[in-house]
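Working notes, structure below.
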Amino acid sequence: MPSTESEPPSGNIMEQIVSLAKRRGFVYQASEIYGGIRGFWDYGPLGVLLKNNIRDHWWRAMVECPPVGPDGSPIDMVGLDSAIIQHPNVWKASGHVDNFNDPMVDCRETKARYRADHLWTAAAQVRRKNGNVETLGVFSVLSGDDAGDLFVKRVDKIARKTGGGEVVAPTDFVPFTKLSPAEMAEVVGPDAAQKGTLTEPRPFNMMMISYNGPLQDEDNKVYLRPETAQGIFTNYKNVLDTTRVRVPFGIAQIGKSYRNEVTPRNFIFRSREFEQMEMEFFCPPDQSILWYEFWRDERMKWWKSLGIRADNLKFRDHDDDELAHYSKACVDIEYKYPFTSPDFGELEGIAHRGCFDLTQHQQHSSQKLDYFDQELQLKLKESGASPEDVKAKSRYIPNVIEPASGLTRAVLVLLCEAYRCESRSGVEKFEYFAFKPQLAPIKAGIFPLVNKDGMPEIAQKLYMDLRQQFTCEYDPKQSIGKRYARMDEIGTPFSITVDGQTKDDQSVTIRHRDSQLQERVALEKVSTFLTEKLKA
Ligand code: ATP
């Protein structure tokens, strides 16, 4: 059966990551003191540093120092920060009002709600002690790698209540959505005891609604954006009119998006409020495949530059039947999350969107969004094209290539990728995050070996100097071993200790988080040392 995200089984690696991330102030449940709110998360002191580091790394690679294009010249790219709430017609034009739906199934018995396409069903059969095979009914489970196991466990429990026997493992799971209404009425829900309590799937629009102004009526209804991309399309003309960019060029944006996900789950993987990093690249239609392939490769390179192992990343090309009617191609960059492993789950999508979005906004806004390509006009004239051809071809609606990724999903990927659990510091199962130094929330811990003999003064001065350039922490308390361990846990790559020798020869020890090796470095060279080590 296909594998999608599934709830992590208890005691697994995902639980350990979530727990360490909570204990060390990376990610908290939103409104935790009120029991939490489903689908929302708060980023704690270290989480916000990690998230901002990834954000800045993306912004630098996309906007401030974009890659060199296929023709050898740097790409034109500008940034944007558009409003979360836009005119409701934006979402009519984009298709979100009519089509941004997930099929949803409710359970009348448990009141639980499921994504219909995540429900899989199979007949539950047991071999009784007398050898007879008996069908207990049709049961459903949420899809995922462990769905088969969950199914067997569930059926086993019921079998035991009804006289025992061995569960006959299902050979085929059938998607709930493929059943007829009569068959659906026979299914027992994933958490239910009775059959026939699941409703038929019905579309559920995932946009969050609010009201603009004091009157809370239909006329003032607005939507919290479900993606940042539409703010880019609606500003495409503004950017062309007010800056020096010319097609091909890109507009990049990072910001919050909101989706009323039916089943938010797997920690921050699928939440109702999340952050996206999106870029729309506008190009001439006849160059669109070239740019699609270019961005596909560039984006994979970028993920690897975060220190993610190549074998944990892969491309997944969308099949033709997955593509929107206007799209020529779409590929996902997937990561091997602990809850999808050995399979992969989406991290970023790179879509060829054709001229769909700008055409839609042109139609709905009645504003001209086509582009007059002077360079192309010249080229066509020079090539001897007919005046009709020159006229027809040099004015067009650009095609768009869209690399769209989740910033909060990237935080999850880095937490998973950096998580280590090994024997060290005298602890059998010591857990820590081995972030790439450049992305680590804290770059260096600065300690006096003991809080006397002139050591704190030197260490404090070093801290006051270094903190101008690097995110550092000064810590004079507890044993040095405990201080190292605390820094390791939160992923700090370097621990710098002022000790008895420092006064004599003006040097400190620098301990490396991953190897735990120590080296002596001159006090005056510490800043250069860190700069070198923190280079991309
Ligand atoms: P999915 O299939 O996982 O629902 P999608 O294909 O709808 O995702 P896009 O609309 O392409 O996602 O959004 C681009 C990126 O935004 C995704 O690759 C993902 O990293 C991130 N993203 C989308 N939905 C969520 C969410 N609910 N929570 C966290 N990140 C999300």
Side-chain angles (χ1 to χ4, degrees), residues 5-8 10 12-56 58 81-85 100 102 104 110-115 118 142 204-211 216 222-228 253-278 335 337-339 345-347 404-416 418-419 431 433 435 439 441-442 489-491:
E5 340 118 47
S6 59
E7 290 299 341
S10 60
N12 75 1
I13 195 155
M14 199 58 222
E15 276 191 357
Q16 293 165 24
I17 294 170
V18 174
S19 157
L20 182 61
K22 162 83 198 292
R23 277 200 322 275
R24 289 294 165 237
F26 284 87
V27 184
Y28 310 123
Q29 206 186 358
S31 312
E32 194 180 334
I33 58 169
Y34 290 98
I37 168 165
R38 199 150 173 244
F40 295 85
W41 299 91
D42 294 336
Y43 291 78
L46 292 176
V48 69
L49 287 172
L50 179 63
K51 180 152 71 71
N52 288 351
N53 289 345
I54 304 171
R55 179 199 67 188
D56 294 347
W58 188 90
D81 187 6
S82 67
I84 285 173
I85 292 177
F100 197 53
D102 264 348
M104 178 187 76
T110 62
K111 308 290 174 238
R113 177 168 280 186
Y114 310 100
R115 277 259 302 263
H118 286 174
L142 279 172
F204 169 72
N205 193 289
M206 290 201 290
M207 279 200 292
M208 295 243 184
I209 291 168
S210 187
Y211 294 92
Q216 300 202 352
V222 288
Y223 304 98
L224 306 195
R225 67 180 175 202
E227 59 174 35
T228 66
Q253 147 151 268
I254 300 177
K256 295 230 173 183
S257 293
Y258 299 81
R259 293 184 189 178
N260 209 352
E261 297 279 0
V262 177
T263 43
R265 56 191 172 145
N266 285 324
F267 192 35
I268 51 177
F269 177 85
R270 184 175 301 289
S271 43
R272 289 181 172 143
E273 176 180 292
F274 54 99
E275 265 175 279
Q276 290 187 303
M277 307 184 286
E278 297 196 292
Y335 178 73
Y337 300 92
F339 48 83
E346 181 174 335
L347 172 57
S405 60
L407 171 55
T408 40
R409 213 171 264 189
V411 171
L412 171 63
V413 166
L414 284 203
L415 290 175
C416 294
Y419 178 77
E431 296 174 288
F433 289 117
F435 299 117
L439 298 167
I442 309 287
E489 264 190 313
I490 63 174

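Heavy atoms only: backbone and side chains are in, while hydrogens, waters and symmetry mates are out.
Counting only residues at least two apart or on different chains, the side chain to side chain donor-acceptor pair (under 3.5 Å) pairs with a member in residues 44-54 are Lys51-Glu275, Asn52-Arg55.
Qualifying salt bridge (charged side-chain N to carboxylate O under 4.0 Å, His left out) partners for Glu273, counting only residues two or more places apart in sequence or in other chains: Lys256. Every side chain to side chain contact (heavy atoms under 4.5 Å, CB included) that Asp102 has, sequence neighbours left out, goes to Arg115, Met206, Glu261, Val262. Partners of Arg24 under the salt bridge (charged side-chain N to carboxylate O under 4.0 Å, His left out) rule, at least two apart in sequence or in another chain, are Glu489. Residues satisfying the ring pair (Phe, Tyr, Trp, His ring centres under 6.0 Å) test with Tyr419, not counting sequence neighbours, are none. Here Gln216 pairs with Tyr211 under the side chain to side chain contact (heavy atoms under 4.5 Å, CB included) rule; sequence neighbours left out. Applying the ring pair (Phe, Tyr, Trp, His ring centres under 6.0 Å) rule to Tyr335 yields the partners Tyr337; only residues at least two apart in sequence or on another chain are considered. By the side chain to side chain contact (heavy atoms under 4.5 Å, CB included) test, Ser271 pairs with Trp41, Phe274, sequence neighbours left out. For the side-chain hydrogen bond (donor to acceptor under 3.5 Å, both in side chains) test, residues two or more places apart in sequence or in another chain that qualify with Arg113 are Asp106. Every side-chain hydrogen bond (donor to acceptor under 3.5 Å, both in side chains) that Thr228 has, sequence neighbours left out, goes to Glu278. Taking the side chain to side chain contact (heavy atoms under 4.5 Å, CB included) definition, one finds that Val222 meets it with Ile85, Pro88, Ser210, Asn212, sequence neighbours left out. With sequence neighbours excluded, no residue satisfies ring pair (Phe, Tyr, Trp, His ring centres under 6.0 Å) with Tyr114.
Defined by atom type and a distance below 3.5 Å, a donor-acceptor pair is missing between the side-chain atoms of Ser405 and Arg409. Checking Glu227 against Ser257 by side-chain atom types alone, no donor-acceptor pair falls below 3.5 Å.
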